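Right, one structure below, let's go through it.
Residue numbers start from 1 in every chain, and the chains themselves are labelled A, B, ... in the order their sequence lines are given, proteins ahead of strands. Remember, it's a predicted structure, so these values are computed and weren't measured experimentally.
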Amino acid sequence: MALKTASNQNKYENIEMLLLSATYDGFRKKAVLKFYEPKNKEIYLWHDKSDHKPYCLIGRDGIDSNFLDELKTKNKFGPGKILKIEKITKIDLLQDKKIELWKVIADNPLVIGGIDNSLRNLIKTWEADIKYYENYMYDNGLIPGIFYKIINNKIIPVEFNLSEQAQTILKQELNDNETELNEKIINWAKLLDQPLPEIKRVSLDIEVFSNEINKFPGADEAEYPIRSIAFVGSDNLKEVIIRKEKEHPIGKNTLEKDVRIKFVNEEKELLENTFEILRKYPCVITYNGDDFDLKYLHNRANKIGINKSNIPIQMGRIEANLKHGIHIDLYRTFINKSIQIYAFGNKYKEHTLNAVSSALIGKSKIEFEGSISELSDYELAKYNYNDALITYELTSFNDDLLMKLLLVISRIAKMPINDVSRLGVSNWIRSMLYFEHRTANALIPRKDDLKFEEEVISSATIKGKKYQGGMVFEPKSGIHFNVTVLDFASLYPSIIKVHNLSYETVRCNHKEDKQNIIKGTNHWLCKQRKGIASTLIGSLRDIRIKYYKQLPKMKGLSKNEQELYSVVSQALKVILNASYGALGAEMFPLYYLPVADATTAIGRNIIKETIEEAQRNDIEVIYGDTDSLFIKSIDNNKIEIMRNWADKKLEMELDLDKTYRYVAFSTLKKNYFGVMKDGTVDIKGFTGKKSHIPLFIKDAFYSAINELSLVETSKDFENAKNNIRIDIKKRNRLLKNEEIPLEKLAFNIMLSKPINMYTGTVPQHVRAAKLLNEDKKKGDIITFVKTIGGEGVKPLQLAKKQDIDKRKYEDLMKSTFDQLLDSLGYSFDEILGATKLEDLFWPKK
DNA sequence: ATCTGTGGCCACCAGC
DNA sequence: GCTGGTGGCCAC
C-alpha cells in the first residue's frame, strides 16, 4: 500500500516499527496509523491519504444488489458521499457456493449515524460494520502488534526467522499429511515468535476535589479545578505537578528524593505541562481513565479554553484515547473475567485499584485520617504519586507480564491493544474469526443465517442452562493411595479440531452427510469440507500443544525466549478456553448452539470410552470430571497403554497430569483432596477453602489439611485425627470465650448485581449491605457477621462481640469438617470424642 | 454499555 | 418442618 506521511517522510524509511493501531480521523477524513519504534522509543504517525480514499465500507462483507439499489435511490446519504462501488466475489460457506456482492466506499464512516431510519434499519439487518479499522487493517494486510517497516513508501511486514529449536520441534511434531493445517501452524509460530518489545509508557493519576462534602467531582461537567497530577514512566519518570492553593499548607516532603515535585500557580500551566509529558509517550496507563482521569483532563482543558488542537486526548464513545498513541484503562482490563481467572489465577476479587494492586503486587493505596481535601501539598503529592506508581507497576510486574500478554492477544485476535484491553474475550474471538473469514474470502454469516431448531439440542442437567455439558462421575469415596490423574490436553479445542466442528459443518447441507451422526445426539457432521472454525481453533490448539508445550523442554533457551514462550502459552490458553464457550453464547455473532452441543457430546463419549478402556486393562478408575480420570495405579506401563490407545483410537492427547501419594474422596462430586509425594496438597471444592468463608473456619480447615498432608501411610491417620481434635477444641473454646476477633468471624460475599435488583429473595449479604450507610455497588464485597436477632446478620463495622450467633459458627464448623472428614471415614462428632460440641457451648446444668 | 460455557455443592429464603 | 428456588463460589 502506498502511503504519504504527514511530515518528514524520509525518517520512516526502513525502520522497524510496531503497529499499535489504526484509527480513523473522521474530522479530517483520513486513517491514522500509530506506530512505535522500540529501538529509539519514538512514535510515528502515518496519515493515509493515498488513493485508498478516506474510507467506509457499509456491510461487513459488502452488500447485495437489492440493498445497493436502495442506497442509490436514497438521494441523501447522510453527510457522506458514495465514492466507489466495486463488485466482489465471496464464498458462502453455509451454501458452499460463490456469491457476488458490492463493496461501497464512501467518504465518511460516520454516514451511518446520519442516514434516515428506514435505511438505518436496512443496514442493521445487514449488520453493517462500522468498525472501520477492522476492514481497513484487513484490506491493507495489517496486523496490530507486529513489526513493519516502510520501504519506498510501502508498508512491509518485517520477516523474522524461526529459531533452530523452533524448526526442529515443528519438523518433529507436524503430521506430514496435514499440509493445510501445518501451514497455519507455521504461520502462528512466525507470528507469535516475534520479539515482544518493551512499550514506552507512562501512568497518570489526577486529584480533584469538590467544594461540597460527599460530592464526587463528575468528569462530564469537570466543574472543579484539578489540584495535582502524578506520573510514573517506564523511562524512570517520577513526577508530581501540584497547583498551589492558598488554603493548603505546603507540608513536609517525605517522598523519595528522585520524585520530582513541581509547583505551578495556574491550572492552565498544570494541564499544559501534563500534555507535554503525554505527548512523549505512545502509551498511557490509567486506572479508570476512560470514565474519569483522561475524560476529566479533556473536558477541563476545553473548559478553561485550551485550544482543541493542543489537547492530546481524544474522547470516543466508550474510551478516552491519545491522538498520537494508545490508552490502556486497567480498570477495564482487570474487570475482564478471562484476564482475572486465567491470566492472574483469580488472585483478586474486587476491581478497585487497591484490591487488584494488593493482590497482585502487594502494594496498596495510602491510608490517612480525615478528608483527603485537607491534606497538605506534599501529603497529597505522596498519595497521588503512590496511585500512579501502583498503576504503573500493575503493567510492569513480572517483567511487564500484562503488557506482553496484551500484545500477544493483540497478535492472535488481530485487534489493537487498546481494544484488547477493554473488550471481553468474545470480542477477541470475533475479531480473530472475522479476520480468518476475510483471509479466506469467505462471507461472514449473519445471525439469521445460523438458525437451528431448539428441539435438536440436548437438554441440560441443570435447570436454566441451554444444553448438556461435561460428565462428572461419582467418586469412589474413601482414601486411595498411589493415584494417577490423566487428563486430555485442551479437550474441547481438540474435539473441535479432530471432529471438524464449525458452524457450517455441524448439520451441514449435504444429504450424504446426514448419516454421520454423532453418537448420543441428533447432529451429523460434514465429511466433504474442512470447517473454518475447526481449522482455526485446531491450528491454535496445535501450536499450543505441539509447539509451546514442547519448547520449554529444549535446552539452551535464553531467559527472554523462555519468558516469551510462557506468555504466549498463557495467552493461547485464555483464547482456546473461551473459543468453545463463545460458540455457545447467545451474544456471540457466530453463535451456533449445535457446535457447542456437539463438542460436549463428543467430550462425554470420549471420557466414557476412556474409562471403559481403562477397565478392559484392569485399571481401576475412581473418579472423573469432564476431561480427567483418576486411576488407582502409578504403573507407567499401564499409563502408556492408555496414552497410546487415546492417541490411536481417539486422536486425542492423554497426558499424565499428576501423581498423588493419596487422594481422599468424599461421597460428593467435585470435592476431594489429594497429597502429592512432596507433601503439597490439592484441595478441591471443599467449603473450607471458599473465599467467602470466615477466617475462623478457614484457619481451622487449613490447619487440619496441614495435619493430613503429613500422613504417609494409613497408620498416620490416627495421629492426624488426634491433632485435629485438639486443634478444633482449642479453637472452639476461643469462640466460646469471645476471644476470636470479629474480623475472623466475617463472611465476605460479593454483590453480583445492584442491590435493588435483588427481587424475590433477599440473601444475607444484601441484608447486611442495606444496613450500611455506604452505597454498595455491583461487584463490591460485603463483609458481615452472623448475629442473634434482627436480620440475623450485621455488617462487620456495625457488629459487637455480644451480637455474634455462636451457634451458627458452630454449625458451619461442623459442616465444613464433616465434608472433609467424610472422605476419611470419620465424622465431626466422632472426632471430637465423647463430648458433643453442643455440650461445649451450652453445658448441661 | 457490557457480557465465553455447564455441572455441583452449600446456605438461605420464602411459601406451604 | 419440608421443599423448590435463588445466589454464590468453585471444578473443569
Side-chain angles (χ1 to χ4, degrees), chain A residues 290-291 316-319 332 335-339 341-342 346 349 422-430 457-475 485 487-488 490-493 574-591 593 595-597 599-601 603-604 607 623-629 657 666-672 682-693 747-753 757-767 778-779 781-782 786 791-793 808 811-812 815-816 818-819 822:
Chain A
D290 280 345
D291 278 341
R317 255 185 323 133
I318 52 163
E319 68 174 283
R332 305 197 44 183
I335 213 164
N336 181 321
K337 256 194 157 173
S338 288
I339 298 271
I341 295 173
Y342 290 104
N346 223 351
K349 305 280 176 215
R422 280 173 180 79
L423 299 172
V425 66
S426 67
N427 277 296
W428 305 346
I429 290 161
R430 174 190 55 79
I457 304 295
S458 65
S459 38
T461 310
I462 297 177
K463 214 186 130 206
K465 302 286 188 185
K466 290 173 297 197
Y467 62 97
Q468 200 179 346
M471 185 164 245
V472 191
F473 294 85
E474 291 285 344
V485 185
D487 70 351
F488 287 100
S490 298
L491 178 70
Y492 288 165
V574 175
I575 290 206
L576 275 175
N577 212 295
S579 52
Y580 139 76
L583 292 166
E586 272 159 276
M587 33 71 59
F588 188 63
L590 298 175
Y591 169 66
L593 208 45
V595 174
D597 196 27
T599 310
T600 55
R604 293 191 296 275
I607 194 81
Y623 181 59
D625 183 347
T626 311
D627 63 353
S628 66
L629 52 159
D657 183 18
S666 68
T667 51
L668 302 170
K669 295 170 174 178
K670 296 186 189 280
N671 271 273
Y672 63 88
D682 269 350
I683 307 160
K684 301 288 180 177
F686 287 120
T687 303
K689 77 173 286 194
K690 294 197 175 180
S691 63
H692 67 284
I693 291 295
F747 290 80
N748 303 288
I749 298 185
M750 181 176 286
L751 288 170
S752 66
K753 50 188 179 185
M757 293 291 283
Y758 287 88
T759 50
T761 64
V762 185
Q764 288 191 317
H765 63 298
V766 179
R767 287 167 199 263
K778 176 184 168 179
I781 290 176
I782 309 299
K786 304 218 177 189
E791 294 275 5
V793 291
K808 285 277 186 222
D811 287 348
L812 185 63
S815 66
T816 303
D818 268 337
Q819 208 187 24
D822 179 40

Contacted region of DNA chain B by chain A, from 5' end to 3' end of the hits, cut-off under 4.0 Å to heavy atoms, spans B:dA1 to B:dA14

Note to self: So A:Ile749, base contact, sugar-phosphate only, or nothing? Heavy-atom distance under 4.0 Å.
What the structure shows: sugar-phosphate

Q. So, is A:Tyr623 close to the C:dA11 phosphate, meaning a side-chain N or O under 4.0 Å from OP1 or OP2?
A. no

query = With a 4.0 Å cut-off on heavy atoms, is A:Lys670 in touch with a base, just the backbone sugar-phosphate, or nothing at all?
reply = base

By nearest-heavy-atom nucleotide on DNA chain B, the more 5' of A:Met471 and A:Ala585 is A:Ala585

A:Asp657 meets the salt bridge (Lys or Arg N to Asp or Glu O under 4.0 Å) criterion, sequence neighbours left out, with none

Note: contacts of residues 683-691 of chain A with DNA chain C (heavy atom, under 4.0 Å) are A:Ile683, A:Lys684, A:Gly685, A:Lys689, A:Lys690, A:Ser691

Taking only N/O atoms, report every protein-nucleotides 3-5 of chain C pair under 3.5 Å with atom names and distance.
none

A:Asn427 near the nucleic acid: base, sugar-phosphate alone, or nothing, with a heavy-atom cut-off under 4.0 Å? sugar-phosphate

A:Lys337 meets the side-chain contact (heavy atoms from CB on, under 4.5 Å) criterion, sequence neighbours left out, with none

Here the distance between atom C1' of C:dA11 and atom CG of A:Asp627, to the nearest Å, is 10 Å

Sorted by chain and residue number, the side chain to side chain donor-acceptor pair (under 3.5 Å) partners of A:Thr687 (sequence neighbours excluded) come out as A:Gln819

Heavy atoms under 4.0 Å, any strand shown: does A:Tyr467 hit a base, just sugar-phosphate, or nothing?
sugar-phosphate

Q: Using a 4.0 Å heavy-atom cut-off across all strands, classify A:Ala460 as base, sugar-phosphate, or nothing.
A: sugar-phosphate

Using a cut-off of 4.0 Å on non-hydrogen atoms, how would the nucleic acid contact of A:Val762 be classed: base, sugar-phosphate, or nothing? sugar-phosphate

message: Considering every strand and a 4.0 Å limit on heavy-atom distances, what is the contact class for A:Tyr758: base, sugar-phosphate, or nothing?
response: sugar-phosphate

Taken to the nearest whole Å, CZ/A:Arg604 to P/C:dC12 is 18 Å

Is there side-chain contact between A:Leu751 and A:Tyr758, with heavy atoms separated by less than 4.5 Å? yes

**Request:** Under 4.0 Å between any heavy atoms, over every strand shown, what does A:Met750 touch: base, sugar-phosphate, or nothing? Just pick one.
**Result:** sugar-phosphate

The residue, A:Asp625 or A:Met757, whose nearest nucleotide of DNA chain C is more 5′ is A:Met757

**Request:** Describe the nucleic acid contact of A:Gly581 in one word from base, sugar-phosphate, nothing, applying a heavy-atom distance below 4.0 Å.
**Result:** base

**A:Asp822 (side chain) donor-acceptor with A:Thr667 (main chain) under 3.5 angstrom** = yes

Here the distance between atom C1' of C:dA11 and atom NZ of A:Lys465, to the nearest Å, is 13 Å

Residue pairs passing the side-chain hydrogen bond (donor to acceptor under 3.5 Å, both in side chains) test with at least one member in residues 461-470 of chain A, sequence neighbours excluded, are A:Tyr467-A:Tyr580

Closer than 3.5 angstrom, by distance alone: can the side chain of A:Arg332 be matched with the main-chain N or O of A:Leu423 as a donor-acceptor pair?
no

message = Any base atoms under 4.0 Å from A:Tyr672, or only sugar-phosphate, or nothing? Heavy atoms, all strands.
response = sugar-phosphate

Backbone N/O of A:Ile683 and side chain of A:Lys689: donor-acceptor pair under 3.5 Å: yes

With sequence neighbours left out, the residues meeting salt bridge (Lys or Arg N to Asp or Glu O under 4.0 Å) with A:Arg422 are A:Asp290, A:Glu319

Between CG of A:Asn671 and P of C:dA11 the distance, given in whole Å, is 9 Å

A:Val472 near the nucleic acid: base, sugar-phosphate alone, or nothing, with a heavy-atom cut-off under 4.0 Å?
sugar-phosphate

For A:Val472, the side-chain contact (heavy atoms from CB on, under 4.5 Å) test, sequence neighbours excluded, returns A:Tyr623, A:Asp625, A:Lys669, A:Lys670

With sequence neighbours left out, the residues meeting salt bridge (Lys or Arg N to Asp or Glu O under 4.0 Å) with A:Glu791 are A:Arg767

Residues passing the side chain to side chain donor-acceptor pair (under 3.5 Å) test with A:Ser458, sequence neighbours excluded, are A:Asp597

Across all chains, not counting sequence neighbours, the side chain to side chain donor-acceptor pair (under 3.5 Å) partners of A:Thr761 are none

Q. What nucleic acid atoms does A:Gln468 come within less than 4.0 Å of, heavy atoms only: base, sugar-phosphate, or nothing?
A. sugar-phosphate

For a quick check of understanding: with a heavy-atom distance under 4.0 Å over all strands, which category does A:Thr599 fall into, base, sugar-phosphate or nothing?
nothing

